[in-house]
Amino acid sequence: MATKKKNISELRQDLVSGDWVVIALARGKRPHAFAVGAKPKKQEAPISQCPFEVLSERKEKPFVRYDYRQGGHSTGWSVVAVPNKFPAFSKAPCNSFSKEGPYTLADGVGSHEVFILRDHKRYIPDLDAEEMINLVRAYRERYRSLEHEKCVAYVLVFHNHGREAGASLPHPHSQLIAMPVIPPDVSRSLRGSERFFHEHGTCVHCEMIQYELRVKKRIIDENERFVAFTPFASKVAFEVRISPKIHQPNFGMLEDGDLALAAKMLQKQLTRLRNGLNDPAYNFFIHTAPDSEKHGHYHWHIEILPKTSIWAGFEMGTGIEISAIAPEDAAAFLRKVKTI
Ligand SMILES: [Zn+2]
Ligand SMILES: [Zn+2]
């Protein structure tokens with residue numbers, strides 16, 4: 001029997017690993033649409049076809065809109081958050097999990113939003129301080145307003161830069177997905193930090209940060225409140241992690257007074273990648289405790305993963321990634337890259 005097409009995606013749990021996957025039937029692809037080999041490589045769409053240029057024609061009111069206040073180079077909006085037109089998770093009545101034989105599944109209830117930066121060709125390293133603060137503030141505001149919603153278990157903020165990193169449109173934008181389960185990677189790191197806390201009585205992230213600040217081998221940058229470093233066990237070449245220096249479990253706890261320092265720290269590291277590695281594609285995302293009381297042992301952070309290699313048989317078969325540069329050498333290189 002063919003699978004019935006639904007308007008909402010479906011979450012299915014792997015019976016062995018417990019990991020979740022999303023089957024986005026709502027995107028309505030027919031099997032032959034997956035025959036990508038036969039298709040010519042898509043060219044980057046011109047600005048005249050950019051859906052983010054005609055934002056004013058969209059009927060819905062943005063969830064947030066931040067304008068230029070300082071009247072520097074521009075006026076009007078600098079960033080808006082709007083619903084994603086092709087959501088992986090969408091608003092629907094909160095439902096519980098159901099069963100098919102031994103398997104567990106659920107509707108993809110939640111939300112999927114896009115943060116759109118105003119200019120088609122001005123990327124994060126090009127933003128001025130106010131625009132950058134507006135972007136991080138927009139992440140935080142949408143995060144805060146969705147994290148406690150009924151049937152939302154986790155809210156992920158992420159950004160794809162470059163086609164190889166999955167950015168389907170060249171216009172700079174970030175995304176947010178609120179979902180009804182805690183995703184596998186986050187569950188694993190929540191469990192790991194909880195275990196460390198029980199064994200050592202401290203936060204594993206605070207422990208790492210303090211050690212890194214002491215030995216300085218993998219530190220790329222720091223300011224009063226944040227530190228950027230290459231993780232000891234970096235998953236990919238030039239992986240960068242940004243963490244608050246004080247223990248803070250949840251991204252929503254980021255205070256107004258720290259917005260500018262967080263924004264600057266993020267922008268500087270993305271500028272280092274662009275200037276030092278000739279504008280590589282990358283993804284970054286925010287990992288946070290879904291519940292700061294239950295997961296007080298966790299410590300939110302931003303992970304930046306340049307797309308320097310693709311997962312091949314070994315990586316797929318083992319989950320182990322091979323990085324072709326030592327994190328210490330990557331940090332030494334990035335530290336020297338000019339950010340202005
Ligand atoms: Zn555009
Ligand atoms: Zn901590």
Side-chain angles (χ1 to χ4, degrees), residues 42-55 62 64-68 70 72-82 84 113-140 142 156-177 220-221 223 226 228 236-242 259-286 302-308 330 333-340:
K42 260 169 76 179
Q43 292 297 309
E44 193 169 276
I47 188 166
S48 59
Q49 287 169 25
C50 175
F52 297 154
E53 299 300 314
V54 287
L55 208 60
V64 291
R65 168 188 155 141
Y66 291 128
D67 292 354
Y68 295 93
Q70 290 156 9
H73 87 280
S74 198
T75 54
W77 64 274
S78 79
V79 62
V80 290
V82 296
N84 190 313
E113 302 181 3
V114 198
F115 300 91
I116 303 168
L117 289 167
R118 203 201 51 185
D119 295 326
H120 190 77
K121 280 280 180 197
R122 284 177 69 240
Y123 297 94
I124 290 180
D126 306 316
L127 302 182
D128 66 25
E130 187 186 15
E131 291 169 312
M132 196 60 213
I133 292 169
N134 282 349
L135 179 62
V136 177
R137 189 199 307 271
Y139 293 165
R140 188 194 63 180
R142 293 312 297 150
L156 181 80
V157 172
F158 64 100
H159 183 101
N160 304 329
H161 173 75
R163 197 179 282 278
E164 301 84 357
S168 49
L169 295 165
H171 192 119
H173 64 285
S174 307
Q175 301 181 58
L176 172 152
I177 285 184
I220 304 165
D221 206 343
N223 61 28
F226 297 91
V236 300
F238 297 97
E239 175 178 349
V240 177
R241 185 171 293 196
I242 297 172
L259 274 173
L261 289 170
K264 186 83 193 154
M265 187 56 74
L266 174 59
Q267 184 179 39
K268 276 177 82 182
Q269 308 330 310
L270 298 175
T271 305
R272 283 180 209 282
L273 292 178
R274 178 164 88 173
N275 294 353
L277 299 174
N278 193 21
D279 195 20
Y282 57 77
N283 307 100
F284 72 77
F285 50 80
I286 300 172
I302 304 173
E303 293 185 27
I304 307 169
L305 300 168
K307 205 81 194 156
T308 48
F333 176 83
L334 290 174
R335 250 195 316 266
K336 291 198 193 104
V337 176
K338 286 206 168 59
T339 55
I340 39 167

query = Only one of L169, V114, I116 forms a side chain to side chain contact (heavy atoms under 4.5 Å, CB included) with P51, so which one is it?
reply =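 One option only clears the test, and that one is L169.
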query = Under the criterion side chain to side chain contact (heavy atoms under 4.5 Å, CB included), which of L273, I304, V157, I242 is the partner of F284?
reply =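 Per the side chain to side chain contact (heavy atoms under 4.5 Å, CB included) rule, the option paired with F284 is I304, out of L273, I304, V157, I242.
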request  = Give me the ring orientation class for H161 and Y282: parallel if the planes are under 30° apart, tilted from 30 to 60°, perpendicular past 60°.
outcome  =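 Parallel, since the angle between the ring planes stays under 30°.
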request  = For S78, enumerate each residue passing the side-chain contact (heavy atoms from CB on, under 4.5 Å) test, keeping only those at least two apart in sequence or located in another chain.
outcome  =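 side-chain contact (heavy atoms from CB on, under 4.5 Å) list for S78, sorted by chain: Y68, E131, N134.
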Which atom of [X] lies closest to which atom of [Y], heavy atoms considered:
| X | Y | answer |
| --- | --- | --- |
| P172 | R122 | CG-O, 3.1 Å |
| F285 | L305 | CE2-CD1, 3.6 Å |
| D67 | E130 | O-OE2, 3.9 Å |
| L156 | I286 | CD1-O, 3.5 Å |

Using atom types as modelled and distance alone, determine if a side-chain donor or acceptor of [X] lies under 3.5 Å from a backbone N or O of [Y].
| X | Y | value |
| --- | --- | --- |
| H173 | N160 | no |
| Q269 | M265 | yes |
| Q267 | L127 | yes |

message = How long is the straight-line distance from CG of N283 back to NE2 of H159, given to the nearest 0.5 Å?
response =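 So the NE2 of H159 and the CG of N283 are separated by 9.0 Å.
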key: Cation-pi check, R142 onto F115 ring (under 6.0 Å, within 45° of axis)   =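 Not satisfied by the 6.0 Å and 45° rule.
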Option among K264, R272, R335 that satisfies the side-chain hydrogen bond (donor to acceptor under 3.5 Å, both in side chains) test with D221 =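 That would be R272.
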